[in-house]
K.L.:
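Structure incoming, see below.
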Amino acid sequence: MSLSRLIINNFRNLTAVDLELSHGFNFLIGENGSGKTSLLEAIFYLGHGRSFKSHISNRVINYERDHFVLFGRVEEAKHEWSVGLQKTRQGDTTLKINGEDGKKISDLAHLLPMQVITPEGLTLLNGGPTYRRAFLDWGLFHQHNEFYNHWANLKRLLKQRNAALAQVRNYAELRPWDIELAKLAHLVSDMRAVYAEALRPEIEKTCQFFLPELEITVSFHQGWEKESEYSEILMQGFERDRTVGYTMVGPQKADFRFRANGLPVEDVLSRGQLKLLMCALRLAQGEYLITQKSRQCLFLIDDFASELDPTKRALLAERLRQSGSQVFVTAITQDQLNQMHWQGQQSDKRFSVTQGKIVLL
Ligand SMILES: Nc1ncnc2c1ncn2[C@@H]1O[C@H](COP(=O)(O)OP(=O)(O)O)[C@@H](O)[C@H]1O
Ligand SMILES: [Mg+2]
């Protein structure tokens with residue numbers, strides 16, 4: 001899967017962009033504030049229906065306009081899809097796939113798996129478990145069609161339980177709901193555990209490649225005591241949950257932790273090593289999808305590689321090249337790209353970005 005064409009209207013400072021893209025590497029070169037990150041953000045938006053920078057969608061609409069439009073042509077093997085997304089300041093969203101309305105964001109996301117590597121993405125390692133759950137769930141979403149429904153239902157049931165905690169008179173009233181919730185919790189957790197276990201060797205191998213000096217290990221934590229029946233845990237925790245007003249343990253607390261030589265990575269790794277680890281994780285997961293599902297995965301790499309040392313940058317470029325993925329890389333100058341050893345190939349494209357205008361070099 002790759003994006004062969006991208007049209008952007010009124011997304012941040014990108015008022016009118018229309019690009020024919022390379023299926024290999026696309027380099028975006030431009031000064032600070034020219035619109036490089038905005039371009040990656042627009043691609044991300046097209047695949048997620050939201051930004052990786054701001055939760056407020058009005059922020060991405062050009063200051064002087066009342067809506068933005070994104071259009072992409074997606075190609076995979078011999079198939080082609082056109083995807084379009086429009087969002088207004090009033091909050092109306094129009095989403096079309098091959099001209100058809102009534103599509104959901106999850107349909108878009110299925111079509112466009114992507115991994116983002118940005119400096120902010122370090123939260124995967126030094127942020128809360130939410131980021132690592134999102135990492136795991138990304139893989140499950142693309143690996144198993146049914147995961148999304150289970151996950152969405154679980155979220156809904158948990159929300160309902162939290163609301164009900166304040167209303168029920170005793171636990172008996174909540175019990176039938178908890179039994180349903182527990183079934184889903186086990187289902188989702190088991191899927192997470194199986195996926196985490198399958199991904200583990202891939203991660204460890206990729207970490208060996210990027211950080212051979214460290215022994216990186218990963219472990220999945222389901223969010224409640226191992227081997228325990230979740231419905232029992234819910235029953236035992238009822239009074240406490242009622243006091244605090246929400247469900248304290250469960251799959252909403254799951255985590256996927258990384259250790260280096262037995263210690264939590266965020267405590268012992270340098271910033272540079274953390275960045276490298278983050279690259280390795282995203283790469284391993286993207287590659288795993290490619291091999292498991294014969295699907296491609298897009299990589300968006302922002303300002304990032306510039307902070308890695310040249311040999312590691314070259315390793316990253318080489319691995320991405322081998323994966324056959326479509327890659328977007330931003331840099332401030334061509335020199336920087338040269339120093340990064342991002343060796344160009346004929347199919348690659350370079351674009352210059354200047355004050356929101358993007359032209360092929
Ligand atoms: N909603 C918006 N409308 C118009 N311009 C915006 C909006 N949001 C941000 N900008 C501007 O867009 C420019 C591009 O930012 P960015 O893509 O982060 O640049 P780069 O990554 O090239 O350094 C910045 O100058 C920023 O001020
Ligand atoms: Mg930027």
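Worth knowing before you read on, the calculation uses all heavy atoms, side chains too, and leaves out hydrogens, waters and symmetry mates. Along the sequence shown, residues carry numbers from 1. Every number for a ligand or one of its atoms is a count from 1 in the order of the listing.
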K.L.:
Charged N to carboxylate O under 4.0 angstrom, E41 versus R50?
P.N.:
no
K.L.:
Please report which non-hydrogen protein atom sits nearest to atom 3 (N) of ligand 1, along with the residue it belongs to and the distance in Å to one decimal place.
P.N.:
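It is Y63 N, 3.0 Å.
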K.L.:
With heavy-atom distances below 4.0 Å as the criterion, list the atoms of ligand 1 near E31.
P.N.:
22 (O)
K.L.:
What residue and heavy atom of the protein are closest to atom 11 (C) of ligand 1, and at what distance?
P.N.:
N13 CB, 4.2 Å
K.L.:
In ligand 1, which numbered atoms sit nearer than 4.0 Å to a non-hydrogen atom of S38?
P.N.:
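Ligand 1 atoms under the 4.0 Å threshold to S38: 14 (C), 15 (O), 16 (P), 17 (O).
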K.L.:
So, S38 and the Mg ion (ligand 2): N/O/S under 2.8 Å, yes or no?
P.N.:
no
K.L.:
To the nearest 0.1 Å, how far is atom 8 (N) of ligand 1 from its closest protein heavy atom, and which atom is that?
P.N.:
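I find the closest protein heavy atom is R12 NH1, 3.2 Å.
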K.L.:
If you have a sec, work out which protein heavy atom is nearest atom 24 (C) of ligand 1 and how many Å separate them, to one decimal?
P.N.:
G33 O, 3.7 Å
K.L.:
Should we count CD of E31 as having more than 12 external heavy atoms under 6.0 Å?
P.N.:
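It does not: E31 CD has 12 such atoms or fewer within range.
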K.L.:
Does atom 26 (C) of ligand 1 have a protein non-hydrogen atom under 4.0 Å from it?
P.N.:
no
K.L.:
Taking the six-membered ring for Trp, are the ring centroids of F147 and F141 within less than 6.0 Å of each other?
P.N.:
no
K.L.:
For the side chain of D241 and the backbone of M248, is there at least one donor-acceptor N/O pair under 3.5 Å apart?
P.N.:
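Pair found, side chain donor or acceptor close to backbone of M248.
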K.L.:
Counting heavy atoms only, which part of I61 comes closer than 4.0 Å to ligand 1: side chain, backbone, both or neither?
P.N.:
backbone
K.L.:
Is there a heavy atom of S34 sitting under 4.0 angstrom from any atom of ligand 1?
P.N.:
yes
K.L.:
Looking only at heavy atoms of V353, does any of them come nearer than 4.0 Å to an atom of ligand 1?
P.N.:
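V353 does not count as a contact of ligand 1 under the 4.0 Å cut-off.
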K.L.:
Please confirm whether the ring centroid of H186 lies under 6.0 Å from the ring centroid of W224.
P.N.:
yes
K.L.:
Is a donor on one side and an acceptor on the other found under 3.5 Å between the side chain of K87 and the backbone of H67?
P.N.:
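No, because the side chain of K87 does not come within donor-acceptor range (under 3.5 Å) of the backbone of H67.
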K.L.:
Note the single closest protein heavy atom to atom 18 (O) of ligand 1, along with its residue, its atom name and the distance in Å.
P.N.:
T37 CB, 3.7 Å
K.L.:
Give the atoms of ligand 1, by number and element, whose distance to some non-hydrogen atom of N32 is under 4.0 Å.
P.N.:
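Taking each heavy atom of N32 in turn, ligand 1 has 23 (O) under 4.0 Å.
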K.L.:
Counting only heavy atoms from other residues, nucleotides and ligands, does the tally under 6.0 Å from CZ of R59 exceed 12?
P.N.:
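No, the 6.0 Å shell around CZ holds no more than 12 heavy atoms from other groups.
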K.L.:
Below 6.0 angstrom between ring centroids: does that apply to Y45 and F11?
P.N.:
yes
K.L.:
Check for a donor-acceptor pair, side chain of T123 on one end and backbone N or O of E120 on the other, with a separation under 3.5 Å.
P.N.:
yes
K.L.:
Side chain, backbone, both or neither: which part of E41 comes within less than 4.0 Å of ligand 1 when only heavy atoms are counted?
P.N.:
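The answer is neither.
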